[in-house]
Structure formats: C-alpha cells, structure tokens
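Notes to accompany the following structure.
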Amino acid sequence: MITPTAVDFHFDPMCPFAHQAARWIRAVREQAPITVSWRFFSLEEVNRAEGEKHPWQRDWSYGWSLMRIGALLRRRDMALLDAWYDAIGRALHERGEKPHEQATARRLLGELGLDAEILDRALADPSTHEDVYADHEHVVASGGFGVPTLFFADGQCLFGPVLVDPPTGPAALRLWDIVTGALEFPHLYELQRPKSGRDHRAIAQALEPYLRGRDWVSVDRGRVIPMPGPHQDGDHR
C-alpha cells in the first residue's frame, strides 16, 4: 500500500462536517508531502425537493454562489480558493456569521486582500457556474452523495471522514493513514460508529455556531434538522 500524495477534496462551504474535515486535511498537509486540490459539491442541489428551483436558477444561492466565487479564484491560484474556503468556514462554522449574505462575502474577500468586486465578476461569468457544475456532477457520477468526498489518483473516492474535533499534529497523520488505508480494500463500502446520546450532545455543541449562522433547513440523509428560528423556504441542504 502506497500512501497517496494527492487528493481532490470536494466540499460545500455550508457543510459543518466538510469544514472540520478540511481543517484536518490542512493539518495533514502541514506535515506530509500531499497536494490538496479543492473541488465543489452542492448539498442544496443533491437534496433539492421536487419542484424547487435549482440553486443556479436563483440570483443568489447560498453555497452555489460562494462556490462560483471560489471557481474564479481557483483559476488564479488554488491557494486563493483554499484561503476563501477557510475564511467562509471560520466565519460560519466557528463564529456563527453569515458568509452566505453578500455583504459578509464582500467583507471576507476584502479581509483576504482581494477585490470585493470579485463577487460580481464571478456571478457575471457563466463559466464559473460550469466549473461548479462539473465538479458536482463528477461526484454524482461516481455514486457520491455528500461532503467531504475525497478522490485519489487511482480513481477511487471515499466519503468522509465525518468528525467534529479534527485531530492535529501526529494524530492527524494517523487518521490520514487510516482513511487512505481503506483504498487497499476497494469493496469496503461502509464503516460507521453508532452515536450515543453523549455523541449527539457533543455534535450539537460543536455545531452551535453553524446553527446560529445558517438560514436554511439542513437535510441529513433524509432527516430534516430543524432550525432554532425562522428559515427561508426552499433552501434545503
């Protein structure tokens, strides 16, 4: 078994579990010679109810529009997309802010030293939609359904890891070895840890900033996670 040195990491910026996995993969990258290529996937689209608009049919769609900005940045430098995704993730999933609001998205671009008008240029360029759509469909065509989804050079893809307390230091490398070790067994399809009441409380505590910041109803494998307050109809993720 040869440990991979490159991974395509598909994410939806609105997903708290993808954010935590991204924190982990960055910790791995700091210690091991791996290349992380950031790719897109839309939970809003994959969980879209019959009759609802596709996210690209809206003038502004939370995750899809933020990913279109990311697509424009990726053309300049993958590191810019990395920084953009990290800024979105920290804002929503750690501080309970609303990067899916245009004013906040513009502020975050400015804090990265980027022109806030990048938002307008990304949405005015139809090819940014095409980039996001192509990444999304690549996951769907491979049987994927959520994020994080990881693709490796041999064509294999894995869903996960799903965690709320991403390891750092040597522990991050141990988890990398565990995750990539599954590539040795291409017919290993699922391995899950049942969640106790204590686990659900820990997850709820970890997701508290996200629950404050989101303006949509989350869907978890068909289970709707209610919002603590009013929500916008039609924005299921």
Side-chain angles (χ1 to χ4, degrees), residues 1-43 46 67 70 74 77-90 92-94 135-196 198-207 209-210 220-221:
M1 177 65 187
I2 299 176
T3 302
T5 58
V7 59
D8 284 0
F9 187 112
H10 287 255
F11 70 90
D12 182 315
M14 304 291 94
C15 177
F17 300 110
H19 169 67
Q20 300 293 2
R23 291 177 57 196
W24 160 71
I25 202 69
R26 292 186 183 104
V28 174
R29 187 180 58 187
E30 290 174 357
Q31 306 171 77
I34 68 166
T35 300
V36 180
S37 297
W38 302 101
R39 309 293 180 190
F40 307 115
F41 182 79
S42 175
L43 292 175
V46 79
M67 289 188 284
R74 185 171 66 183
D77 191 337
M78 184 67 75
L80 288 177
L81 173 54
D82 188 355
W84 173 237
Y85 178 32
D86 186 51
I88 296 169
R90 291 182 183 277
L92 174 60
H93 304 297
E94 298 179 24
D135 282 0
H136 175 85
E137 285 298 299
H138 179 54
V139 176
V140 173
S142 300
F145 53 84
V147 288
T149 293
L150 312 179
F151 280 87
F152 299 90
D154 64 356
Q156 291 193 66
C157 74
L158 299 172
F159 170 71
V162 176
L163 37 76
V164 295
D165 53 351
T168 59
L173 291 177
R174 290 199 298 274
L175 181 56
W176 173 248
D177 289 340
I178 292 169
V179 170
T180 57
L183 300 175
E184 187 175 354
F185 307 95
H187 293 156
L188 170 62
Y189 298 112
E190 191 166 340
L191 177 67
Q192 282 195 339
R193 184 194 305 274
K195 298 180 184 69
S196 67
R198 178 180 298 178
D199 293 318
H200 284 293
R201 289 190 292 274
I203 293 169
Q205 182 176 3
L207 266 59
Y210 160 75
D220 180 12
R221 300 274 190 102

W24 and V179: which non-hydrogen atoms are nearest, and at how many Å? CH2-CG2, 4.1 Å
Could you check, using the six-membered ring where one of them is a Trp, whether F41 and F11 have ring centers closer than 6.0 angstrom? no
Is a side-chain donor or acceptor of H10 paired with a backbone partner of F40 at a separation under 3.5 angstrom? yes
Distance-only polar pair, side chains of H19 and E94, donor-acceptor under 3.5 Å: yes
Considering only residues two or more places apart or on different chains, which pairs with a residue in residues 158-177 satisfy salt bridge (charged side-chain N to carboxylate O under 4.0 Å, His left out)? none
Indicate yes or no: at least one non-hydrogen side-chain atom of V28 is less than 4.5 angstrom from one of L175. no
Any chance you could lay out the side chain to side chain contact (heavy atoms under 4.5 Å, CB included) test for K195 and I203, step after step, and finish with the verdict? CA-CA 10 Å; K195 298 180 184 69; I203 293 169; 3.7 Å; yes
At their closest point, which heavy atom of T149 faces which heavy atom of C157, and how far apart are they? CG2-CB, 4.3 Å
Nearest-0.5 Å distance, CH2 of residue W84 to CE of residue M67: 12.0 Å
Check: Q31 side chain, G169 main-chain N or O, donor-acceptor pair, under 3.5 Å: yes
Ignoring hydrogens, what is the shortest heavy-atom contact between F159 and G146? Give both atom names and the distance. CE1-C, 3.7 Å
Do R26 and D86 have side-chain heavy atoms sitting under 4.5 Å apart? yes
Rounded to the nearest 0.5 Å, how far apart are OH of Y189 and CG of L158? 12.0 Å
M78 vs L81 side-chain heavy atoms within contact, under 4.5 Å: yes
Heavy-atom closest contact (A21 atom, P148 atom, distance): CB-CG, 3.6 Å
Which heavy atom in A206 sits nearest to a heavy atom in V164, and how many Å separate them? CB-CB, 3.7 Å
Is there a side-chain contact between I88 and M14 in this structure, where contact means two heavy atoms from C-beta onward sitting under 4.5 Å apart? yes
Please check if the side chain of D82 supplies one atom and the backbone of A79 the other of a donor-acceptor pair under 3.5 Å. no
Any chance you could measure L150, atom CG, to S37, atom OG, to the nearest 0.5 Å? 12.0 Å
Using the side-chain hydrogen bond (donor to acceptor under 3.5 Å, both in side chains) rule, collect all pairs that involve residues 151-164, keeping only residues at least two apart or in two chains. D154-Q156
Is a side-chain N or O of W38 found less than 3.5 angstrom from the main chain of F9, in a donor-acceptor match? no
Closest heavy-atom contact between W176 and P4? CZ2-O, 3.6 Å
Could you walk me through whether F152 and V7 pass the side chain to side chain contact (heavy atoms under 4.5 Å, CB included) check? CA-CA 5 Å; F152 299 90; V7 59; 3.9 Å; yes
